[in-house]
*Asks:* 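Sharing a structure below in structure tokens format, with a few things to ask.
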Amino acid sequence: MKIYNTLSKKKEEFIPIEEGKVRMYVCGPTVYNLIHIGNARPMIVFDTVRRYMEHKGYAVNYVSNFTDVDDKIIKKAVEEGVEASVISTRYIAECKKDMEALNVKPATMHPLATNEIGGMLDMIRTLMEKGYAYQAEDGTVYFRTRNFREYGKLSHKNLDDLQGGNRSLLVSGENQKEDALDFVLWKPKKEGEPYWESPWCEGRPGWHIECSVMSKRYLGDEIDIHAGGEDLVFPHHENEIAQSEAANGKTFAKYWMHNAFLNIDHKKMSKSAGNFFTVRDIAGKYDLQILRFFMLSAHYRSPLNFSSELMEAAGNGYGRILNSVDNLNFLLQNASGREMTEEEKNLAKELDGFTAKFDEAMDDDFNTADAIAAIFELVKFANTHAKESSSAPFLGALKGRIVELSDICGLKVEKKEELLDGDIEELIAQRQAARKAKDFARADEIREELLNKGILLEDTREGVKWKRV
RNA sequence: GGCGCAGUAGCCAAGUGGUAAGGCAAUGGUCUGCAACACCAGUAUCCACCGGUUCAAAUCCGGUCUGCGCCUCCA
């Protein structure tokens with residue numbers, strides 16, 4: 001299995017630190033509002049990475065935080081006149097609802113920054129003892145960036161270039177810093193803000209320290225994979241590396257994975273530009289499984305544009321898979337339980353070819369677009385070979401394989417059993433009678449009536465099928 | 001200004017040295033009372049443009065144009 005590592009800018013063979021186990025940390029959202037569809041991309045992508053690794057037999061310890069102390073949360077709390085924790089608790093609950101609807105598995109552990117303050121104080125203390133941090137007059141604790149020799153190794157930036165780019169910082173009043181590149185580990189509280197006691201001042205942690213601490217606590221000093229959106233490469237992940245490696249004296253993470261952005265009108269989403277959708281907005285218009293399918297239909301390291309046209313197309317494509325499974329279920333209802341014929345046995349053997357293509361795609365840095373192509377080829381194979389006369393074991397094998405591969409992508413392809421209302425069954429029977437009597441006008445009238453109730457009829461060789469639309 | 005990514009059919013999107021996957025849309029056909037679903041068929045002599053390397057390039061190198069991202073909170 002190969003993974004593109006931002007650190008080396010190359011695809012590298014994945015070798016876990018501990019055989020059979022994967023320790024993985026994914027930076028989670030700041031919970032000051034409903035999550036937007038851009039937040040959903042890393043959730044979906046890295047959930048799929050996790051599912052594939054589990055499919056390959058790894059025990060994955062997957063940790064993803066919620067940042068629940070932050071300026072934006074405090075601002076919202078002030079606006080509503082409530083405690084910051086009221087805001088964060090509310091949006092963590094809403095985020096979990098969205099994740100479930102996206103079929104994103106809960107992490108092994110979802111730590112909260114505010115529960116980890118003690119660990120942050122310990123790490124900051126260690127950094128100060130080692131000379132990597134210092135306290136300014138106002139109590140702020142800064143990381144001494146120049147002391148970490150490898151600073152810039154992830155984002156491939158040169159310290160002097162950064163110095164130039166940040167020139168404005170030097171004159172913006174942060175002159176208590178020794179160096180413009182230094183970043184905050186701990187900052188003093190402002191009036192009305194949540195705060196914690198510390199050896200330096202009553203205050204709260206900087207943004208970067210929480211991930212270093214939570215990763216260390218739940219996964220250890222060295223982990224296999226650290227992941228997040230590409231905008232986190234600098235400064236967030238770069239700073240995490242500096243803090244963790246300076247404090248622990250060990251390599252922080254072996255593989256760094258970053259997803260590209262989800263764009264709207266080929267531009268990054270932003271509230272000010274007005275091109276901004278929450279996951280909840282989209283859920284009102286589409287099944288969120290379609291959003292998941294849409295995101296996996298492109299490579300995670302490529303920018304992906306979002307539009308209603310593309311969602312329609314994705315919905316149609318995803319519907320093709322659902323339709324195939326639905327058809328197999330329909331055939332299975334009356335299929336013979338006899339053994340597979342020789343011909344069926346030979347066809348069943350071909351199923352492994354689709355799995356091989358799927359695995360090959362996923363092994364190559366999680367090429368979900370290619371993996372989904374393999375599922376489509378499998379769907380076509382199933383549609384071509386599944387017949388009314390097929391045996392139940394054969395049909396079951398076809399369906400099982402589609403469901404298995406789709407499930408690795410986190411795509412639900414089997415509809416729940418739904419019972420028809422007695423009225424609707426009666427209408428279908430009336431339409432069949434009308435058709436038999438060649439009263440097609442009446443038959444079409446009934447079909448139209450059912451369509452208006454959201455029931456779409458299909459007359460197949462095997463009988464009348466229906467589905468909700 | 002510095003660093004980096006991308007440009008493949010109407011649309012989306014794989015493919016990174018050996019002669020263009022897959023999906024959506026559209027067309028013709030089979031099936032159907034008609035539809036829908038499904039299946040079959042054809043559909044890019046060519047991968048932004050210009051030059052170069054090679055027996056061979058969409059794939060490597062150089063340049064041009066265009067779009068985007070990071071350097072500041074951000075998935």
Side-chain angles (χ1 to χ4, degrees), chain A residues 6 9 11 26-30 32 35-46 67 70-72 152 155-158 160-169 172 207 227-236 238 258-263 266-271 293-294 296-299 301-305 307 309-321 323-324 326-327 330 357 361 364 367-380 382-387 434-436 438-441 443-444 447-448 451 456-461 465-467 469:
Chain A
T6 305
K9 298 166 94 174
K11 286 182 192 172
V26 180
C27 287
T30 300
Y32 65 101
I35 60 166
H36 59 248
I37 54 177
N39 290 300
R41 172 116 103 145
M43 289 178 182
I44 289 168
V45 163
F46 299 118
T67 296
D70 165 89
D71 289 342
K72 285 185 290 246
S155 53
H156 305 101
K157 287 179 191 302
N158 170 304
D160 296 320
D161 289 345
L162 284 170
Q163 187 91 57
N166 283 344
R167 197 178 303 127
S168 59
L169 278 184
S172 69
W207 174 38
E230 65 179 352
D231 57 330
L232 297 184
V233 172
F234 190 91
H236 188 232
E238 196 69 73
H258 296 281
N259 64 278
F261 275 102
L262 182 76
N263 294 326
H266 301 283
K267 296 257 171 69
K268 186 170 172 171
M269 283 198 294
S270 74
K271 280 190 175 173
F293 175 87
F294 169 71
L296 294 177
S297 68
H299 192 97
R301 283 188 288 111
S302 299
L304 179 59
N305 205 43
S307 72
E309 291 75 19
L310 294 169
M311 281 294 284
E312 292 294 332
N316 290 340
Y318 174 60
R320 183 173 158 84
I321 302 174
N323 206 52
S324 180
D326 193 42
N327 185 239
F330 185 78
K357 184 178 173 181
D364 182 18
N367 190 335
T368 52
D370 254 358
I372 286 174
I375 294 177
F376 276 114
E377 287 172 25
L378 171 60
V379 162
K380 183 163 185 169
N383 287 343
T384 306
H385 296 292
K387 300 189 191 79
R435 290 178 74 205
K436 206 160 193 173
K438 299 210 183 295
D439 180 0
F440 297 122
D444 288 348
R447 182 165 62 186
E448 191 63 26
L451 186 60
L456 179 69
L457 298 186
E458 294 176 0
D459 299 327
T460 71
R461 245 172 265 113
K465 286 175 62 183
W466 63 272
K467 62 182 173 188
V469 291

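Just so it is clear, the values below take in all heavy atoms, side chains as well, and ignore hydrogens, waters and symmetry mates.
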*Asks:* OP1 or OP2 of rC70(B) versus the side-chain N and O atoms of K268(A): is any pair under 4.0 Å?
*Replies:* yes
*Asks:* Hunt down the Watson-Crick or G-U wobble partner of rA41(B), both distances under 3.5 Å, from any strand shown, or write none.
*Replies:* rU27(B)
*Asks:* State whether N316(A) places a side-chain N or O below 4.0 Å from either non-bridging phosphate oxygen (OP1 or OP2) of rA25(B).
*Replies:* yes
*Asks:* Any strand is fair game: report the nucleotide pairing with rU64(B) by Watson-Crick or G-U wobble, both distances under 3.5 Å, or none.
*Replies:* rA48(B)
*Asks:* In whole angstrom, give me the gap between the P atoms of rG10(B) and rA6(B).
*Replies:* 23 Å
*Asks:* Is F376(A) stacked on the base of rG22(B) when the test is centres under 5.5 angstrom and planes under 30 degrees?
*Replies:* no
*Asks:* In terms of side-chain heavy atoms of L456(A), which of rA75(B), rA36(B), rC24(B) is nearest?
*Replies:* rA36(B)
*Asks:* Quick one: is K380(A) getting a side-chain N or O under 4.0 Å of the rC40(B) phosphate, OP1 or OP2?
*Replies:* yes
*Asks:* Check whether any side-chain nitrogen or oxygen of N367(A) sits under 4.0 Å from OP1 or OP2 of rA14(B), and answer yes or no.
*Replies:* no
*Asks:* Given atom NE2 of H299(A) and atom C1' of rA13(B), what is their separation to the nearest angstrom?
*Replies:* 12 Å
*Asks:* Considering just the side-chain nitrogens and oxygens of K465(A), establish if one lies under 4.0 Å of OP1 or OP2 belonging to rC37(B).
*Replies:* no
*Asks:* Does rG69(B) pair with anything, Watson-Crick or G-U wobble, both distances under 3.5 Å, and if so, with which nucleotide?
*Replies:* rC3(B)
*Asks:* For the side chain of D70(A) and the base of rC73(B), is some donor closer than 3.5 Å to an acceptor across the two?
*Replies:* no
*Asks:* Taking the side chain of A298(A) as heavy atoms from C-beta outward, which of rC39(B), rC34(B), rA14(B) is closest to it?
*Replies:* rA14(B)
*Asks:* What's the closest nucleotide to the side chain of K267(A) if the choices are rG69(B), rA75(B), rA13(B)?
*Replies:* rG69(B)
*Asks:* Using a distance-only criterion (donor-acceptor N/O pair, under 3.5 Å, no hydrogens), is the base of rA75(B) paired with the side chain of H36(A)?
*Replies:* yes
*Asks:* Work out how far the P atom of rA48(B) is from that of rG7(B), and round it to whole angstrom.
*Replies:* 7 Å
*Asks:* With a 4.0 Å cut-off on heavy atoms, is R320(A) in touch with a base, just the backbone sugar-phosphate, or nothing at all?
*Replies:* sugar-phosphate
*Asks:* Looking at rA21(B), rC70(B), rC12(B), which one has an atom nearest to any side-chain atom of D370(A)?
*Replies:* rA21(B)
*Asks:* Would you say rA14(B) has OP1 or OP2 under 4.0 Å from some side-chain N or O of S297(A)?
*Replies:* no
*Asks:* Nearest to the side chain of K157(A) - rA75(B), rA13(B), rC71(B)?
*Replies:* rC71(B)
*Asks:* What's the closest nucleotide to the N383(A) side chain, out of rA38(B), rA14(B), rC40(B)?
*Replies:* rA38(B)
